[in-house]
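Computed from a prediction, not measured in an experiment: that's the story for all the values here. The residues of the chain are indexed from 1 along the displayed sequence.
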Amino acid sequence: LQCPISYSGLEFSGLDFQGVRSMQVGTNEELANKVAEITVLRNRMQQMERDNLRLENELAQAKEKGAQPSQRSREKADLERANEQLQYLRQDLLSSDDERKRLKLTLQSQEQELLVLRQRAEETRPRAPLTAAEPAATPAATPAAAPVATPAAVPVAAVETTGRP
């Protein structure tokens with residue numbers, strides 16, 4: 001039996017039906033081979049993409065690990081610097097506290113010295129005789145004449161040595 005067959009736009013005339021069938025089987029096999037080949041290539045490409053992604057992740061992790069020691073050393077240096085500053089501030093605080101105590105003692109001694117000087121000045125001042133109208137009105141007995149330690153009354157020498165009145 002011969003019959004004209006149109007296959008993909010081509011006419012096959014003069015071929016028997018079995019020849020066309022074998023040609024179709026060959027074409028189907030070829031198509032199946034090409035599909036299998038494409039599938040294999042697609043699988044390889046996907047595997048290569050997965051490998052590439054894995055390698056990129058490993059590279060990123062390696063870079064991160066490489067950056068960590070330098071970051072750690074930077075953080076360690078910052079910590080050491082902060083500890084040094086803290087140590088200096090503690091020393092300054094102790095020095096300031098010692099200076100405050102020293103100045104307080106100096107002020108107390110100056111106030112006592114001023115008090116003693118005022119008492120001596122009071123004792124050496126000539127007293128007026130008491131009259132009958134003023135039985136107990138002495139300058140030492142009045143509150144206005146009582147010695148009061150004020151910053152303005154601190155001797156100049158104390159201001160020069162301490163820097164504060």
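Remark: Glu123 does not engage Arg120 in a salt bridge, criterion side-chain N to carboxylate O under 4.0 Å. No salt bridge links Arg81 with Glu84; every basic N to acidic carboxylate O contact stays at or beyond 4.0 Å.
Distance check: Leu107 CG to Leu114 CG gives 10.5 Å after rounding to the nearest 0.5 Å. Here the CD atom belonging to Gln108 is positioned 14.0 Å from the CD atom belonging to Glu113, to the nearest 0.5 angstrom. Considering CZ of Arg42 and CD of Gln46, their distance stands at 8.0 Å, rounded to 0.5 Å. Atom CG of Asn57 sits about 9.5 Å away from atom CG of Asn52, to the nearest 0.5 Å. Note that CD of Glu80 is 10.0 Å distant from OG of Ser73, once rounded to the nearest 0.5 Å. In this structure, Met48 CE and Leu55 CG are separated by 10.5 Å, a value rounded to the nearest 0.5 Å.
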Before you tell me yes or no, could you show the steps for Thr106 and Gln110 under side-chain contact (heavy atoms from CB on, under 4.5 Å), namely the whole-Å CA-CA distance, both residues' side-chain angles and the distance that decides it to 0.1 Å? CA-CA 6 Å; Thr106 302; Gln110 293 294 325; 4.2 Å; yes
Taking it one step at a time, do Lys101 and Asp97 satisfy salt bridge (charged side-chain N to carboxylate O under 4.0 Å, His left out)? CA-CA 6 Å; Lys101 288 177 183 176; Asp97 193 43; 3.6 Å; yes
Intermediate values then yes/no, salt bridge (charged side-chain N to carboxylate O under 4.0 Å, His left out), Glu58 and Arg54: CA-CA 6 Å; Glu58 287 178 5; Arg54 181 183 50 83; 3.1 Å; yes
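For the 3.5 Å distance criterion, the side chains of Gln47 and Arg44 fail to qualify, holding no donor opposite an acceptor.
The environment of CZ in Arg50 is crowded: more than 12 heavy-atom neighbours from other residues, nucleotides or ligands sit within 6.0 Å.
Gln91 has its side chain out of reach of Leu94: every pair of non-hydrogen atoms, C-beta onward, lies at least 4.5 Å apart. Arg118 has its side chain out of reach of Glu122: every pair of non-hydrogen atoms, C-beta onward, lies at least 4.5 Å apart.
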